[in-house]
Amino acid sequence: MTTTKTNEATTLRSRRCGSLRVTDAGSAVRLGGWIHGKRNLGGLVFLDLRDRDGIVQVSVDPALVGDAVRDTAATVGKESVVLVEGDVVRRPPDGVNREMATGEIEVKARSVRVVGPAVTPAIPVARAKGEALPSEEQRLRYRYLDLRRPELQHNMILRHRLLQTARRFLTSEGYLEIETPILTKPTPEGARDYIVPSRLHKGEFYALPQSPQLYKQLLMVSGFDRYFQIARCFRDEDLRAERQPEFTQIDIEASFVEAADIIRLTEALFVELWREGGREIAAPFERLRYADAMERYGSDRPDLRYALELFDATDVFAATELGIARSAIAAGGRVRGMRVPNGATLSRKQVDELESLAKGAGAGGLLRLKREGSELTGPPAKFLDAGARERLALADGDLALFAAGPDRITNPALDRVRQDVARVMRLVPDGVLRFLWVTDFPMFECDAATGALGPTHHPFTAPHPDDAALLDTDPLRARAQAYDVVLNGMEMGGGSIRIHDPEMQRRVFALIGIDEETAQRRFGFLLEGLRSGAPPHGGIAMGVDRIAMLLAGAGSLRDVIAFPKTTTASALFEGAPSPVPEADLRALHVRIDGAATVTS
RNA sequence: GGGGCUGUAGCUCAUCUUGGUUAGAGUGCAGGUCUGUCACACCGGAGGUCGCGGGUUCGAGCCCCGUCAGCCCCGCCA
C-alpha cells in the first residue's frame with residue numbers, strides 16, 4: 001500500500017523503492033531499504049529491496065559496476081539496510097514478474113552501500129509461498145522483525161488511515177480533539193485498575209484510565225459541546241484474542257443530544273471507516289431492542305449472518321410428562337430452542353458436543369428432536385402429543401435443540417449452541433457485514449449470587465424517560481438510554497445518554513449500593529460538575545483495534561497493534577513487566593511482599 | 001482462579017504409538033560453482049541443554065510429578 005506520493009525524497013534517498021512503477025522507467029533514483037532476498041547467479045546478483053511501500057528488484061551487473069560493488073551485493077546479509085543508486089529500467093519482456101507491483105521494472109545499480117548491516121534474522125521476514133509463520137512467541141519476542149513483514153506493514157498503515165479518517169470526519173462534524181489524563185483517580189467499580197504509586201503522596205495511587213468517561217462528561221459541563229479523542233484505555237483483566245490490557249477507543253461525547261444523534265453520527269463514521277477500508281456499507285443499521293435480542297438470539301450482541309432464531313416451545317412441553325421440562329416450567333422457567341434446518345445430518349457426537357457447550361454455559365442439558373419423514377425422533381419424542389409436531393414446525397431432516405430453565409440460564413447456553421451450530425453447519429457466509437444496534441438495555445442487572453443491583457452499562461447511564469418512575473418501584477424493569485453497535489456478533493462500540501441531573505445520579509448511585517458518602521468520595525467532582533450547570537449529553541466509544549482487525553482481515557488484535565501484549569500481559573520484546581530496584585520502590589513507599597528485587 | 005492445546009537445529013516441523021544404534025527433513029546459515037534470476041539452480045558442510053527441575057528405570061526427547069512460557073476458551077472485562 002503506497003502511503004504517500006509526495007515528499008518521499010530525503011537527503012539520502014530520492015524515492016521509496018516500493019512505489020516505483022513502469023512510468024518511472026528512465027529515471028535515476030537513490031533508494032534506501034532492507035535486503036528482502038538475494039539471488040547470486042555468479043556474475044549477476046539480484047537484490048530484492050524492501051521498504052514500507054513494497055519491494056523492487058535491483059540488478060547488480062559487474063560489467064556496469066565492477067567486481068567490488070558486485071561482491072558487496074553478493075555478500076550483504078538479509079535484512080541489512082543498503083543505499084542503492086541506479087536507474088529504473090524496463091525489464092526484458094521475458095523477465096517481467098506479474099506477481100510484483102514493481103514487476104515490470106528493475107533498478108540497474110550504479111552503486112550499493114551497506115549502511116545498516118544485519119545479523120542473521122532470528123525469524124524470517126521474507127517467506128516462501130506457503131511457508132508457515134513463526135510461532136506467536138517468536139513473533140512477539142522479535143517484534144521489530146515481525147513488523148517488517150509486508151502484511152503487518154499493511155495493517156499498521158491501514159490503522160493509520162482509519163485513525164486519520166476518524167479525525168478528519170469528526171473534525172468536519174465540529175468535534176474537538178481533547179486529551180484527558182492518563183494518571184487518574186482509581187475507580188473501584190468495574191474492571192481492575194492498573195495502579196501507579198505516587199512518590200509525593202505516601203501510600204496513595206493513581207490509576208490508568210479504563211476509559212475517559214468522567215472527563216468527557218466534565219468537558220460537556222465545561223461547554224465543549226462536541227468532543228472526541230483517540231483514547232488509550234487500560235483494564236487489568238485477563239486477555240483474549242480480541243482483548244488486550246491496553247487498547248484504543250474512538251471516544252465521543254456531545255451535548256444537547258439524544259440517542260438518535262449519536263447513532264446517526266456513529267453510522268456516518270462507520271461508513272467513512274469502512275470506505276477507507278475498501279468496503280461500502282449502508283446506513284442506517286438494523287436495530288434490535290435488548291429484550292428482543294435476548295428473546296430471539298439469547299445474546300445482546302447476536303451474529304445476524306445466520307438465522308437459527310430461538311423460539312419458545314414452553315406450551316409444547318408444558319403438558320408433557322417430561323420431567324426436566326415440567327420442573328423447569330413449574331419453577332417459572334421456559335423451554336426455548338432453535339430449529340436447525342437439515343440438522344439431522346449432524347452426528348450423535350456433534351450434538352453431544354453442542355450439549356456439552358450448553359452445559360458448560362450453565363444449562364442442565366439439551367433436549368434434541370429430529371424429524372425423520374413424518375416422525376419425530378429423539379429422547380423427548382415419546383412424551384410429545386400428536387399436535388406437537390405441527391406446533392414445532394419441523395421439516396423433514398430438521399433438528400431441534402431445546403434448553404429448559406430460567407432465561408438467565410438458557411440465554412447464554414442457547415447463544416453458545418447457536419454459534420456453534422452455525423460454525424459446524426457452515427452457515428456463516430464469507431464477506432457479509434451485519435451491523436446492528438442493540439438498544440434499550442436494562443438499567444440494572446441482578447447479581448445472581450448476592451441479589452445486589454449493578455449497572456448494566458455504567459452508573460452514569462440515563463434511564464429511559466418513560467421508565468424513570470420504575471426506579472422506585474421495579475428497577476430491574478427500567479430501561480436505559482444505552483446502545484451498543486454490533487458487527488457479526490462482535491461488540492464494536494457502546495454508549496449512552498448520560499445522567500445530567502445530579503438528583504437522578506444520586507438515586508442511581510443509591511440503587512446500586514453507593515451511599516452518599518461513597519459517591520462523594522469517588523465521584524464528588526462529577527456530582528459537583530453536574531450541579532454547576534450541566535447540559536443534556538451522551539456519547540459512545542468504539543474499539544479501534546477491533547475495527548482495524550476486521551478491516552485488515554486479521555485473526556487477532558496482535559496483528560493490528562504495533563507492540564501487543566501476550567496472554568499474560570507481558571511484552572516479550574522488551575521484557576515488561578519487570579522488577580524495579582529496591583531504591584525506586586523505597587522512593588515510592590512500596591514494599592514487595594516476600595519477593596526478591598533486582599538492583600540493576 | 002479453572003479447562004484445553006503446544007514446547008525437539010536460527011525458523012517451521014517429523015521421530016513418540018510399545019523407553020533401547022549416531023534424534024531426522026525442509027528452510028535458513030557459512031563455503032564452493034554458476035551472467036537474467038525472482039521459493040534461482042547445483043555441490044558438499046556446520047548446526048541439538050529434545051522449555052526447565054525432580055522422579056521411575058540398567059537405560060528417558062518418549063513414562064510419572066512439579067514448574068515456566070506461548071496460544072485458545074470459561075470465569076472476569078461497571
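Reminder, nothing fancy here: chain letters follow the sequence lines and each chain counts from 1. The structure presented is a predicted model; accordingly, all values stated were derived computationally and were not measured.
- In terms of phosphate contacts, A:Arg558 brings a side-chain nitrogen or oxygen within less than 4.0 Å of OP1 or OP2 of B:C72.
- Sorted by residue number, the list of members of residues 497-511 of chain A with any non-hydrogen atom under 4.0 Å from RNA chain B is empty.
- Rounded to whole Å, atom P of B:A78 lies 16 Å from atom CZ of A:Phe234.
- For B:C74, one of the phosphate oxygens OP1 or OP2 lies less than 4.0 angstrom from a side-chain nitrogen or oxygen of A:Arg240.
- Between A:Glu516 and A:Gln520, the side chains place no donor N or O within less than 3.5 Å of an acceptor N or O (distance only, hydrogens not considered).
- Distance check: A:Asp251 CG to A:Tyr215 OH gives 12.5 Å after rounding to the nearest 0.5 Å.
- Centroid-to-centroid, the aromatic rings of A:Phe563 and A:Phe573 come within less than 6.0 Å.
- A donor-acceptor contact closer than 3.5 angstrom is absent between the side chains of A:Gln249 and A:Ser211.
- Side-chain contact, A:Asp515 with A:Thr518: a donor N or O sits under 3.5 Å from an acceptor N or O.
- Residue-to-nucleotide contacts include a donor-acceptor pair under 3.5 Å from the side chain of A:Asn97 to the base of B:C38.
- Summarising the base pairing, B:A39 is matched to no nucleotide, lacking a Watson-Crick or G-U wobble pair whose two defining distances lie under 3.5 Å.
- Between the side chains of A:Asp415 and A:Gln419, at least one donor N or O lies within less than 3.5 Å of an accepting N or O.
- Across the strands present, B:G7 finds its partner in B:C68; the criterion is a Watson-Crick or G-U wobble pair with both atom distances under 3.5 angstrom.
- Note on A:Asn40: a base of the nucleic acid sits closer than 4.0 angstrom, heavy atoms only.
- Proximity note for A:Pro134 (side chain, C-beta onward) versus B:C76, B:C29, B:U12: the nearest is B:U12.
- When both distances must be under 3.5 Å, the Watson-Crick or G-U wobble mate of B:A25 is B:U12.
- No more than 12 heavy atoms of other residues, nucleotides or ligands sit less than 6.0 Å from atom CZ of A:Arg90.
- B:G61 sits 13 Å from B:G19 when the P atoms are compared, rounded to a whole Å.
- Remark: B:G48 base-pairs with no nucleotide; criterion is Watson-Crick or G-U wobble with both hydrogen-bond distances under 3.5 Å.
- Closest to the side chain of A:Pro124, out of B:G70, B:C11, B:A78, is B:C11.
- Between B:C11, B:U37, B:G1, one nucleotide has an atom nearer to the side chain of A:Ile123 than all others, and that is B:C11.
- OP1 or OP2 of B:C40 lies within a sub-4.0 Å distance of a side-chain N or O belonging to A:Arg39.
- Atom C1' of B:G55 sits at a distance of 30 Å from the matching atom of B:C13, rounded to the whole Å.
- Pair check for B:C63 finds B:G55; Watson-Crick or G-U wobble, both atom distances under 3.5 Å.
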